[in-house]
Amino acid sequence: MLKEAQYYQKKSETDVICGLCPHNCEIPDGKSGICKVRTNRKGILYSDNYCKVSAIHLDPVEKKPLYHFYPGKNILSVGSIGCNLKCKFCQNSSISQISVSEFDNAKIIRPELIVSEAEKHRNNIGVAYTYNEPAVWYEFMYEIAVKIKKKKLKNVVVSNGYINEKPLSDLIPYIDAFNIDIKAFTDEFYRKQTKSSLKPVLNTIRQIHSAGKHLELTNLIIPGLNDNPEIFKELLNEIINISGKNTVLHLSRYFPNYKMKRNETPHDTMMNLFHIAEQFLNYVYIGNMINTEGNNTYCPNCGELLIIRNRYMSRLIGITNSKCDKCNLKIPIVN
Ligand code: SF4
């Protein structure tokens with residue numbers, strides 16, 4: 001099932017330019033863009049992954065990760081195929097670094113069926129667009145999101161943030177929460193490790209925050225590549241500049257994957273960066289690591305324990321109506 005893509009222009013009779021993400025690929029007839037899932041056929045750009053689902057699961061919302069958005073609820077999580085980044089450490093390369101024709105197990109599921117699936121489950125808040133980069137299945141995601149909004153359910157986007165301003169601004173009104181992956185604070189890292197660039201990701205974070213949407217960030221810490229404490233502090237200052245001290249940050253522990261073979265991030269590195277981040281931001285968490293102090297939510301004013309988390313289970317114990325039970329501070333949690 002093919003769908004004509006949005007956000008492209010004709011460059012000549014046969015060639016097109018895709019304007020969905022900052023790569024702005026020039027694509028000759030018969031070829032695909034960097035993401036491998038938008039293909040020019042005789043001067044028309046198609047979204048090859050329209051209605052093609054690689055994974056669909058009911059997950060705890062904490063798994064996205066979102067810790068301040070309906071804690072304790074589930075969300076129907078949907079993935080497709082392809083990605084516009086080429087991360088050497090990709091955790092989902094079997095669905096993200098291939099074209100649609102290379103993926104054998106896609107299910108064809110129309111938007112209305114995803115919506116009815118979302119309505120079926122109790123304790124489900126809506127649909128999350130995740131697993132692979134949702135920007136590269138924009139048309140499919142958008143159609144589902146419009147329908148989900150009409151049903152008064154929630155839409156969540158988990159993304160690398162590498163998308164152009166116009167498609168993002170068209171999508172934002174339908175999306176309730178974002179988790180954006182900020183991979184590092186140097187352009188060199190983005191260029192060498194992901195074949196993309198940093199600035200558009202910062203622009204995306206700014207655009208989402210300015211639109212007043214719920215926003216959490218994830219930073220995967222890779223030893224020797226993005227664990228320099230001084231550069232990490234620059235990243236934290238930039239986050240404060242863009243979206244403030246209440247921005248929720250998830251520090252995620254790297255494990256070897258795909259083309260990256262270096263050892264997993266040491267426990268001490270994670271804890272050191274966690275304690276640095278706590279001095280800058282009010283809500284910092286650690287992912288991919290068990291038994292750490294970085295799972296729970298504490299009141300930044302009085303220190304009261306507000307939410308206990310055990311893996312993906314949340315228990316709200318010191319918070320009522322998004323306020324600390326002890327000192328009444330408003331906590332940025334959507335509930
Ligand atoms: S979405 Fe794909 S085809 Fe379009 S500009 Fe980005 S990488 Fe290129």
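Atoms within a ligand are numbered from 1 in the order they appear, just like the ligands themselves. No hydrogens, no waters, no symmetry mates; every other heavy atom, side chains included, goes into these values. Owing to the predicted nature of the structure, the values given are computational and were not obtained by experimental measurement.
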| Which protein non-hydrogen atom lies closest to atom 1 (S) of ligand 1, naming both residue and atom, and how far is it? | Arg38 CD, 3.6 Å
| remark: protein heavy-atom neighbour closest to atom 3 (S) of ligand 1 works out as Gly33 CA, 3.6 Å
| remark: Any heavy atom of Val37 under 4.0 Å from ligand 1? The part involved is neither
| task | Could you tell me whether Arg38 and Glu139 have a side-chain N and a carboxylate O separated by less than 4.0 Å? | result | yes
| task | Give the residue and atom name of whichever protein heavy atom lies nearest to atom 6 (Fe) of ligand 1, and the separation in Å to one decimal. | result | Cys21 SG, 2.3 Å
| query | Nearest protein heavy-atom contact for atom 7 (S) of ligand 1: which residue, which atom, what distance? | reply | Cys35 N, 3.5 Å
| request: Measure up the Phe140 and Tyr50 rings against each other and bin them: parallel (under 30°), tilted (30 to 60°), perpendicular (over 60°). | output: perpendicular
| message | Give the atom numbers and elements of ligand 1 that come within less than 4.0 Å of a heavy atom of Cys25. | response | 3 (S), 5 (S), 7 (S), 8 (Fe)
| query | Do Glu62 and Arg309 sit within salt-bridge range, that is, some charged N less than 4.0 Å from a carboxylate O? | reply | no
| request: Decide, yes or no, whether a salt bridge links Glu230 with Lys233 under the criterion of side-chain N to carboxylate O below 4.0 Å. | output: yes
| Mutual orientation of the aromatic rings belonging to Tyr142 and Tyr138 [parallel < 30°, tilted 30-60°, perpendicular > 60°] | parallel
| Does the shortest distance from atom 4 (Fe) of ligand 1 to an N/O/S atom of Cys18 fall below 2.8 Å? | yes
